[in-house]
Every structure is written in structure tokens, then in C-alpha cells.
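Below: one structure, written as C-alpha cells.
All chains are named by letter (A, B, ...) in the order of the sequence lines, taking the proteins before the strands, and each is independently numbered beginning at 1.
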There are 2 protein chains.
Amino acid sequence: MSEDTEAPPGSAAIARLRRELARGTTELAVLSVLGVRRRYGYELLKVLRETGEGVLEVKEGTLYPLLHRLEDSGHILATWEVEGRARPRKYYVITPEGRTYLTMLRTEWSGLVDGMRQLLDALGEVRE
Amino acid sequence: MSEDTEAPPGSAAIARLRRELARGTTELAVLSVLGVRRRYGYELLKVLRETGEGVLEVKEGTLYPLLHRLEDSGHILATWEVEGRARPRKYYVITPEGRTYLTMLRTEWSGLVDGMRQLLDALGEVRE
DNA sequence: CCCGATGCCTTGTCGCGCAAGGTATCGGGT
DNA sequence: ACCCGATACCTTGCGCGACAAGGCATCGGG
């Protein structure tokens, strides 16, 4: 029984809380990347993994449904592109409504970060 | 049809994304407050609403189950206190395991914030 | 010839946040 | 006398995003 079925202790717990914390940030991240220029799904996957020190490990099962949601709500537009290529790509572009929404998301995010910092800093002082 | 059933447009959407973004932060906030000194549930509710500019609007239906979860996992300890009072209070104290977990949570949180800042800042430059 | 990378997708499960409801005591306003 | 808000705890049921796990197809290198 030296074959340990468990990875490092608590790693499952870490994964869980990381998942919960990152909730909602994927949408912000994706929309931000698309705010710069159009991308296709698989490309987004790599961009998001390379940026931000790999903190945002977006999974396929997360990204594709998210893109469909954003498309349904009119925040992004999808276009298939083949162009002599065997594996066609689905490019996404942000819409004006998407930009408005992105601004909203950014505001909400920085508000949350500010609030949390205040809370944590205040307690940090007392702790000292 | 002038009677609009909807409040300000998008306010429901705002509430939704705020809820999604704040996911998981409540645990960090609660544990942080308890890291300073013991508190009872209803008190936590008020402390969390007054701190951090009201960004963390914790609801009762969120807080109480969360406290029970933290207790079950051994991160906090509960003690009933009556002391001549008609309405008894349930005080919570953080345990050593809770402190370890709190440290972990703080690390995860700042990692996420850093990652997001890098991502957003990088895109901000290009946008300019 | 197989396997990994590319490129898209789906179904089912998990777990948090919350609306909505419940119970009980106490004090102040009318 | 009565009601209502604050205090103080709790619960059930729903919504919804993240993800594991799987599927499908093509292309290139060892």
C-alpha cells in the first residue's frame, strides 16, 4: 500500500477553493482578451494559460460554454473561418454591448478587490 | 405598459455577476474577521457589511451554512453563550487549523488578484 | 502506425450564494 | 393593548458557473 492514491495532502481542497475564488473571473478575463483583438477558442485557452502566471487555468469544459453564453447574450460575435485550413476555427469578436459589459465587469472587480483589501488590511493591523 | 416590472436595467445582471465574482471571498472574509477575535454570527453579519465599503453584502442564508461548514471541517469552534441574556449567542473562535487554512486562502486570493492585474494591465496598455 | 497536438463540442455532478421562509425575545411607538 | 422592527438563530429549494470526462475529426512527427 505504499502506492499512495492521494496527491499532496490538501491539494484537492486547494483546487476547490481556487475554483470558487476564480468564479466569474473567467468571464472578465475572456472578455478582456477579446477586447484587444479577435481570437478563436483554442487560442484563448493558450493565451489565458500563459498570461497571469497561470493563475487562470481555464478548462475546455469551462471556456466553450462560456463563449456560447456570451454569444447568446450578444456580448461577442462568432465567425467560422476555414481559409484552406483543414481544421476550421471559430473566431470571436467583442460587440459594443460587450464593451459596455466589460467596463461594468472591470468596475465590479476592482470594487471587490478594493473592499477585500480594506478588510484584510484593517485586520492585518490589529493582528500586528 | 408604462408600468415597468423591471428595476433599473441590468441591475439584476449586476447582482448576478457580483454574486459570481464574490464567490468564495466570503469564506476568506469571515475567517479573517475571526482571526482577530471571536464573534457571534449576527455580529459577523454587521461587521462584514460595515467593512470594505459594503462590497461584501453577506446574507444570512449564506453566512450560517458557511459557519457550519467551517465548524464541521474544524476551522472554527462554536460556543453557546447565554449569560442572563434572553437571546443566546453562538460565538465562533478560529482554530490552529483554521489559521493555516486562512493563510492558504490569503495566498490564493492575492495570487488571483496579481494574475488578474497582470492580465488586465497588459491589455490596458495595448488598448491605449 | 500510433499518439499528441489542434480544434470544436456535450452531459452530468458538485457546491456556493441566496431568496424565502420559520422561530423566538425584546423594546419603542401609537 | 397591539404591532413592528431589531436581535438572534436556523432551514429548504433553486440557479448557475466550473469542471471531469467523454466524444469527434484532422494533421504531423517518431
Task: Arg89(B) CZ to dC9(D) C1', straight-line distance once rounded to whole Å - done: 12 Å
Open item on the list: At a heavy-atom distance below 4.0 Å, which nucleotide of DNA chain C is the first touched by chain B, and which is the last?
Closed with: dG15(C) to dC26(C)
Task: Hydrophobic cluster identity match, Leu77(B) and Val36(B), side-chain contacts under 4.5 Å - done: no
TODO: Summarise protein proximity over nucleotides 11-25 of chain D in one line of letters, 5' to 3': B for base, S for sugar-phosphate only, - for none, counting protein heavy atoms closer than 4.0 Å.
DONE: B----BBSBB-----
Open item on the list: Just the rounded figure in Å: distance from C1' of dC10(D) to OH of Tyr92(B).
Closed with: 10 Å
Run the side-chain donor-acceptor check on residues 113-120 of chain A: report pairs under 3.5 Å with partners two or more places apart or on a different chain.
from, atom 1, to, atom 2, distance (Å)
Asp114(A), OD1, Arg117(A), NH2, 2.6
Gln118(A), NE2, Glu53(B), OE2, 3.2

Open item on the list: Measuring from atom CH2 of Trp80(B) to atom OH of Tyr40(B), what distance do you get when rounded to the nearest 0.5 angstrom?
Closed with: 12.5 Å
Task: Between P of dT7(D) and OH of Tyr40(B), the distance in whole Å - done: 8 Å
Task: With sequence neighbours excluded, residues passing side chain to side chain donor-acceptor pair (under 3.5 Å) with Ser110(A) - done: none
- [ ] With the side chain counted from C-beta on, respond yes when Val93(B) and Leu34(B) share a heavy-atom pair under 4.5 Å apart, and no when they do not.
- [x] no
Task: Short side-chain N/O contact from Lys46(B) to OP1 or OP2 of dA6(D), under 4.0 Å - done: no
Could you give the side-chain donor-acceptor pairs of residues 13-23 of chain A under 3.5 Å, partners two or more places apart or in another chain?
from, atom 1, to, atom 2, distance (Å)
Arg18(A), NE, Glu108(B), OE1, 2.9
Arg18(A), NH2, Glu108(B), OE1, 3.2
Arg18(A), NH2, Glu108(B), OE2, 2.9
Glu20(A), OE1, Arg23(B), NE, 3.1
Arg23(A), NE, Glu20(B), OE1, 3.1

Task: Under the side chain to side chain donor-acceptor pair (under 3.5 Å) test, residues paired with Glu43(B) that sit two or more places apart - done: Arg39(B)
Task: Straight-line distance of Ser32(A) OG to Glu27(A) CD, nearest 0.5 Å - done: 10.5 Å
